[in-house]
Amino acid sequence: MLNRFIGLSAAIVGRSSRISGFPFSPLLKAGGSRNQSQNRTMSAGKAFKVLVTHPEVPQEGIDLLKENCEIIQVQSVPINRAELLEKIRGVDGVLWGGHEPLNAEALDAAGPQLKSISTMSAGIDYVDVPEVKRRKIPLGHTPTVLNTAVADLAVGLLIAASRRFHEGRKTIDNDKWENYHLNWLLGQDIRDSTVGFYGFGGIGQAIAKRLSGFDIDKVLYTTRRRVHKEIEEEFNAKKVDFDTLLAESDFVVIASPLTKDTQGVFNATAFNKMKQTAVLVNIARGKIVNQDDLYEALKSNRIFSAGLDVTDPEPLSPKDKLLTLDNVVVLPHIGSATKRTRADMSTIAAHNVLRGLAGEPMLSPAY
């Protein structure tokens with residue numbers, strides 16, 4: 001039954017099996033739960049139209065969709081909203097490839113036949129999730145697969161901020177190389193340190209795994225729910241309240257989703273509770289940090305330094321006052337920006353869309 005589509009599914013899973021850290025399973029199985037009318041529709045040919053909302057979505061995901069779907073693709077960069085709203089009309093599925101708002105406007109433009117959406121991102125703060133859920137449209141996203149790339153970059157930021165890479169480079173640019181001082185550009189040690197995580201999911205744990213090789217002393221974390229005991233034992237981790245995290249951590253890593261509860265939680269009050277030698281690293285979302293308060297904390301040396309892959313707003317103006325400081329390393333939100341990771345993200349997003357079209361549970365549902 002439905003040999004053609006089952007064969008397609010097996011090929012998809014085979015090609016995707018190299019993606020580390022993601023539990024792949026066959027997309028469709030003979031005798032599965034899809035109803036017979038769906039089976040006949042899918043076997044009839046490229047009956048579904050899928051919009052890919054960005055021209056730079058990696059080909060790996062697009063190729064999967066092309067085998068059984070007609071692909072429509074937004075071509076503008078930056079994304080032209082009018083083009084997106086025009087091309088989304090009448091599609092059955094959407095691979096949402098950027099951070100354009102996915103809201104009622106886009107869903108209304110698509111029409112009531114829309115039955116499957118997947119973003120190509122872990123965070124979905126740009127999605128009106130209640131509105132998508134209200135319309136009973138399956139929504140997927142792509143967490144987990146980017147953990148490795150983001151964790152690698154987080155460790156890089158932590159080292160760069162604690163060892164004053166940015167400030168050191170500026171001394172070369174400004175011809176102020178003063179290595180005749182014995183205490184010149186001294187940084188903070190990672191060895192024997194306490195690392196605090198605000199959010200300790202997959203990305204936070206991947207960062208902790210890497211930092212264990214630097215002989216850190218212990219991990220503290222603040223989350224809504226305690227992680228499994230085995231994870232705590234693996235990383236010598238302890239759940240603490242937010243104030244304890246701030247007061248005892250030598251490094252504070254923000255790895256939490258952006259929600260109404262986390263927005264702006266790192267503010268002047270929080271910075272005043274941190275060690276003066278503390279280093280802040282944010283690889284989550286810029287709005288979790290009150291950036292004006294962070295500027296003041298860094299300028300006054302209330303905290304030692306910061307490493308940021310995310311800012312508020314994005315893109316950050318080249319004239320932003322934060323960039324005038326020596327003790328902050330700022331990157332342009334490139335945590336998942338490796339070729340392999342982006343290809344894997346597009347593959348998972350394509351899987352999600354295909355499963356939604358087939359009436360099957362998505363590989364990585366957002367709810």
Side-chain angles (χ1 to χ4, degrees), residues 19-25 121-125 129 140-158 190-266 270 273-275 278-285 287-289 307 309-310 335-336 341 344-345 348 361-367:
I19 300 178
S20 61
F22 201 91
F24 279 96
S25 58
S121 64
I124 52 173
D125 47 284
V129 175
H141 63 153
T142 60
T144 306
V145 72
L146 50 72
N147 290 4
T148 296
V150 175
D152 289 349
L153 180 130
V155 173
L157 271 176
L158 187 148
I190 303 175
R191 180 184 54 182
D192 296 327
S193 66
T194 296
V195 182
F197 288 88
Y198 185 72
F200 198 51
I203 291 176
Q205 291 166 32
I207 297 169
K209 180 179 179 180
R210 283 152 178 75
L211 290 177
S212 65
F214 289 83
D215 298 323
I216 63 174
D217 180 41
K218 62 183 175 180
V219 165
L220 304 178
Y221 71 93
T222 297
T223 57
R224 288 181 297 175
R225 291 181 293 273
R226 182 178 174 182
V227 302
H228 291 303
K229 182 179 179 181
E230 293 78 10
I231 295 173
E232 290 187 335
E233 291 174 350
E234 178 182 357
F235 297 117
N236 189 24
K238 179 182 178 182
K239 186 178 186 300
V240 297
D241 61 45
F242 187 45
D243 285 352
T244 301
L245 182 90
L246 296 172
E248 297 186 7
S249 298
D250 299 298
F251 299 90
V252 176
V253 180
I254 304 173
S256 168
L258 174 63
T259 68
K260 60 181 177 60
D261 296 321
T262 65
Q263 182 169 343
V265 70
F266 281 85
K273 294 177 181 178
M274 292 171 64
K275 294 181 178 181
V279 176
L280 178 74
V281 173
N282 187 6
I283 45 80
R285 287 291 186 266
K287 288 183 180 295
I288 297 174
V289 175
D309 186 41
V310 289
S336 65
T341 300
D344 290 348
M345 291 167 70
I348 293 170
M362 290 184 169
L363 279 176
S364 182
Y367 49 73

Holding to salt bridge (charged side-chain N to carboxylate O under 4.0 Å, His left out), I want the full list of residues that pass it with E234, two or more places apart in sequence or in another chain.
none
Heavy-atom distance under 4.5 Å between the side chains of [X] and [Y], does that happen here?
| X | Y | answer |
| --- | --- | --- |
| V155 | F214 | yes |
| V219 | L211 | no |
| V281 | V252 | no |

Please, which pairs that meet side-chain hydrogen bond (donor to acceptor under 3.5 Å, both in side chains) have at least one residue in residues 198-217, sequence neighbours excluded?
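For residues 198-217: D152-R210.
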Side chain to side chain contact (heavy atoms under 4.5 Å, CB included) between K275 and D250, intermediate numbers included
CA-CA 7 Å; K275 294 181 178 181; D250 299 298; 2.9 Å; yes
Value rounded to 0.5 Å, distance of [atom1] in [X] from [atom2] in [Y]:
| X | Y | atom1 | atom2 | result |
| --- | --- | --- | --- | --- |
| D125 | Q263 | CG | CD | 9.5 Å |
| H141 | M362 | NE2 | CE | 10.5 Å |
| L280 | L157 | CG | CG | 10.5 Å |

Is a donor on one side and an acceptor on the other found under 3.5 Å between the side chain of [X] and the backbone of [Y]?
| X | Y | result |
| --- | --- | --- |
| D309 | G335 | yes |
| T259 | T262 | yes |
| S193 | I216 | no |
| S364 | G140 | no |

Can you check side chain to side chain contact (heavy atoms under 4.5 Å, CB included) on T194 and L220, steps first, answer last?
CA-CA 7 Å; T194 296; L220 304 178; 3.8 Å; yes
Does the separation of the ring centres of Y221 and F200 fall below 6.0 angstrom?
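Ring centres of F200 and Y221 closer than 6.0 Å.
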Could you give me the CA-CA distance, side-chain angles and deciding distance for I203 and I283, then say whether side chain to side chain contact (heavy atoms under 4.5 Å, CB included) is met?
CA-CA 9 Å; I203 291 176; I283 45 80; 3.8 Å; yes
Tabulate below the donor-acceptor pairs under 3.5 Å that side-chain atoms of residues 237-245 make, not counting sequence neighbours, or state none.
{"from": "K239", "atom 1": "NZ", "to": "T223", "atom 2": "O", "distance (Å)": "3.0"}
{"from": "D241", "atom 1": "OD1", "to": "D243", "atom 2": "N", "distance (Å)": "3.2"}
{"from": "D241", "atom 1": "OD1", "to": "T244", "atom 2": "N", "distance (Å)": "2.7"}
{"from": "D241", "atom 1": "OD1", "to": "T244", "atom 2": "OG1", "distance (Å)": "2.8"}
{"from": "D243", "atom 1": "OD1", "to": "K273", "atom 2": "NZ", "distance (Å)": "2.9"}
{"from": "D243", "atom 1": "OD2", "to": "K273", "atom 2": "NZ", "distance (Å)": "3.3"}

Tell me the closest heavy-atom pair linking L146 and S336, and the distance in Å.
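For L146 and S336, the tightest heavy-atom pair comes out as CB-CB, 4.0 Å.
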